[in-house]
Amino acid sequence: MLKFPTPTPIDAILPELLEALKAHPSAVLQAPPGAGKTTRVPLALLDLPCLSGQRIVMLEPRRLAAVNAARFMARMLGEEVGGTVGYSIRFERKVSRATRIEVVTEGILARRLQSDPLLEGVGAVIFDEFHERNLASDLSLALVRDVQGGLRDDLRILVMSATLDAEPVARLLGDAPMLTSEGRRFPVEIRYQKHEPAGRLPELATRAVKTALAESSGDILVFLPGAGEIRRCERQLKDDLGDSLIIAPLYGDLPFAAQELAIMPGPKRKVVLATNIAETSLTIEGVRVVVDTGYSRQLRYDPGTGLNRLEVMRISAASAEQRAGRAGRVAPGTCYRLWTEHTQRTLLPYTPPEILVSDLAPLALDLALWGVNDPASLSWLDAPPPAHLAEAKALLTQLGALEPRGALTPLGKRMAALPMHPRLAALLVAGEAIEEGSLACTLAALLSERDLVPAGGGALSDSDLVDRMEALARKAEGSKAVERAATYFRRALGMTGGSPATADPAVVGELLLKGYPDRIAKQRAPGSDRYLLANGFGGKLSGRTALRDQPFLVAIEVAGGGTEAEIHLASAVSLDAIRRSFARSITRGRRVFWDEREARVVTREEERLGALVLSERQANPSPEEAALALTEGILAGPGIAGLPWSETARQYRNRVRFVAEALPEEELPDLSDQALAERIGEWLAPHLSGVRSLAQLSRVDLLGALKGMLTWKEQKLVDDAAPTHIAVPSGSRIAVEYPEHGAPFLAVKLQEMFGLAETPRLARGRVPVVIHLLSPARRPIQVTADLKSFWNSGYLEVKKELKGRYPKHPWPDDPWAAQATRQLKKRR
DNA sequence: CTCTCCCT
């Protein structure tokens, strides 16, 4: 056994662990941070006889941690790293023939499993920090377990974790033995709030920092959700406390030098305002006090939109414990939790694992390469959610990596071999095909590395990717990492050389289209910053950008959801490039519809891609299309009552209604507004040829159209039973009025009716017409349905009254004998 | 308060 300079709590449990792994192929070791498991356990495993001559691979979630662990172990052995102990991380590999312990980061193992599914020469795989439940470690465990259950039953699996509830993993590993070790940590006193605090996080944190400064000693670490909150809190503390303290922000996008300032001990008491980066990734020396707001930003994948959403959410109890532990590294400490003990009991026990909440496209591609069609054939701690997986497969199909049935295509196989997200792999392969591989590598690197930071600090505000290319050319902060990744990608493609000096924005757009085919966006109106995305959702450009001039974009980073997402990064793309890339998915169609505002039929020929109309032009509708759209427009707008009916047509409808009511046995058709609306396609549509607008409806012979609803026989019946005119004794033909409601009537001058005893009748004699007798000036005198009694009695009264007023008109004493006339009295 | 953190 090796001699370590200081004993750690883990030492006591090592013999037991070795025994467990002799008896069982798997084991679970639960030990809090600081117990020494990362360095002690792999070295101890070297003594296992069943591993003799075989390599131990240990998985670390972070590159820095992997390198540090390897270096530390090599030093314990008195060797250089790369001897018995080596490491492999993204850009670096330090291993040799002699290497027995290889520390790798998570992506490396997933990749190696694909090229060497039997893990030739590997005797044990250790999953360190498994409680973080990253996507790659969940996938790797499922695959390694698959290997162990198949051809490698000798393979040892050891899962090490800090806070994870060990029971489910042990069960997953075939009831593996569980071992627990104490940590080596100083006690941390937890202080809760008495009442749930109200207010904004930066203000609450500022107040808590002041309390902590007064109550405790040592440096203070404050956990806030993001850079915005950190800046606000920093400003308040500086305003209130001045230069008595060092206020150090700490978050991932901060330049390296600023991060150093936060991590290293300073000359004065220090307050570090940090994001989650300080929860696991970075350790700050000298912290005795933690102020925890209890919130963090968490990425949520929405399978409905295929977009990610960054949300401020309450942290889990496990996360709160990890944060509090940061106060007990050097001495007993204090943790101020800005929530109540009651709220503490409502926290989720663990942060949801990535496999449940993130984009599964990379996992789906790896599964396809592994030959797994149904993920249920592997064992998972948490199975990938079917809806997320379906969305991921849909994307991979669109990228050309999967056949519709789910099998891997040759392109998919090629993509899976490239060390990046499938979107970027598709971009790279496409770039290679058009001899723009080098540019494609630079683009992929820009999109996969941390965003560049301009020289003056702050963030790049332009959402145009071409702006990022220019910042890269100017060597903005972060350029080195991007160049390194680009070089790495070029090597993966078998290329040499550096980034191209200039890039044609048109080529940039075209390449991005290949990786983000689902993210085409069309400007809603010229000059607008609002776009419609191909998935049917809206997006708004963020930042000041020249992209506003662009009718089409590829939206690369889209955050949000709800009604309108935020497009943080995009690139212009030409319509021609879209047409070239999506020739097979673009549909051409005609749409004939009623434009309500212009009150006319509009015909558009459209080129569509998903929810997007790529182009459109006006066209002429066929008579049938126009008639259909116009009738829809009539019903939606003015309705039947609003049609330009002539008086004759109106009367005709009333006549038909009158006959229908008076002679129900004839069963005449119903011409009411409602009936005409229901049958508009039948009676009106055939008469609309050449009509495109409401205004043009006046050209239509509505009466003719109406008559089309009646057979010839029925038309004849209407003419007979409801004549338009009736001849009176004077010889005049007087129009019969058919009102909308009530009985038909005849308005006629009294003098024209002399001698007529029988009231004329309509509807085969069933209904008497009502007579409105008029004065010579056409004023109504009398309304009657019984002429005979009028001549006998009422007439004399009328004559007495009116004779003086109309002396030129005949007023005979005997109306029975008088000649009916339209004329005045004959001149003598 | 424009966008947490990692990794092939």
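Labels below follow one simple rule: chain letters A, B, ... track the order of the sequence lines, proteins then strands, and each chain is numbered from 1. As the structure is a computational prediction, the values presented were derived from the model and not from experiment.
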Atom CG of Asp366(A) and atom P of dC7(B) are separated, to the nearest Å, by 17 Å
Practice task
Determine yes or no for a side-chain-to-main-chain donor-acceptor pair under 3.5 angstrom, with Arg326(A) supplying the side chain and Glu279(A) the backbone.
Solution key: yes
So CD1 of Ile108(A) and CG of Leu113(A): to nearest 0.5 Å the spacing works out to 11.5 Å
Comparing Ala227(A) with Leu201(A), nearest DNA chain B nucleotide closer to 5' gives the residue Leu201(A)
note: Asn134(A), atom CG; dT8(B), atom P; distance rounded to Å ~ 11 Å
note: Phe489(A), atom CZ; dC7(B), atom P; distance rounded to Å ~ 13 Å
### Message
Would you say Thr275(A) places a side-chain N or O within less than 4.0 Å of OP1 or OP2 belonging to dC5(B)?
### Response
yes
Taking N and O atoms by type only, does the side chain of Arg450(A) place a donor or acceptor under 3.5 Å from a partner on the base of dC5(B)?
no
ask   = For Arg300(A) and dT4(B), is the shortest distance between a side-chain N/O and OP1 or OP2 below 4.0 Å?
value = no
Exercise. Would you say Arg450(A)'s side chain and Gly478(A)'s backbone share a donor-acceptor pair under 3.5 angstrom?
Worked result: no
- Task: Would you tell me whether Asp292(A) and Trp339(A) have side-chain atoms, one donor and one acceptor, within less than 3.5 Å of each other?
- Result: no
From CD1 of Ile355(A) across to P of dC7(B) the rounded distance in Å is 19 Å
Open item on the list: If you compare every side-chain N and O of Arg62(A) against the phosphate oxygens of dC6(B) (OP1, OP2), does one of them come in below 4.0 Å?
Closed with: no
*asked:* Check Lys238(A) with Glu234(A), please: is the shortest side-chain N to carboxylate O separation under 4.0 Å?
replied: yes
Quick one: is Arg63(A) getting a side-chain N or O under 4.0 Å of the dC6(B) phosphate, OP1 or OP2?
-> no
Whole-Å distance, Glu229(A) CD to dT4(B) P, equals 7 Å
query: Any luck finding a side-chain donor-acceptor pair between Thr346(A) and Gln344(A) under 3.5 Å?
result: no
### Task
For Ser448(A), report the nucleic acid contact type (base, sugar-phosphate, nothing); a contact means any heavy atom under 4.0 Å.
base
Whole-Å distance, Leu424(A) CG to dC7(B) C1', equals 13 Å
Discussion item. Looking at Arg112(A), I want to see if its CZ is surrounded by more than 12 non-hydrogen atoms of other residues, nucleotides or ligands under 6.0 Å.
Written reply: yes
Asp359(A) CG to dT8(B) C1', in whole Å, measures 14 Å
- Message: Can you see if the side chain of Thr105(A) gets near the phosphate of dT8(B) - specifically, an N or O under 4.0 Å from OP1 or OP2?
- Response: yes
By nearest-nucleotide position on DNA chain B, the 5'-leaning member of Pro225(A) and Pro61(A) is Pro225(A)
Leu447(A) CG to dT8(B) P, in whole Å, measures 17 Å
Within residues 106-115 of chain A, those residues having any heavy atom closer than 4.0 Å to DNA chain B are Gly107(A), Ile108(A), Arg111(A)
Of the listed dC1(B), dT8(B), dC5(B), the closest approach to the Arg232(A) side chain comes from dC1(B)
Quiz item: Are Lys480(A) and Glu449(A) ion-paired here, with the side-chain N under 4.0 Å from a carboxylate O?
Solution: no
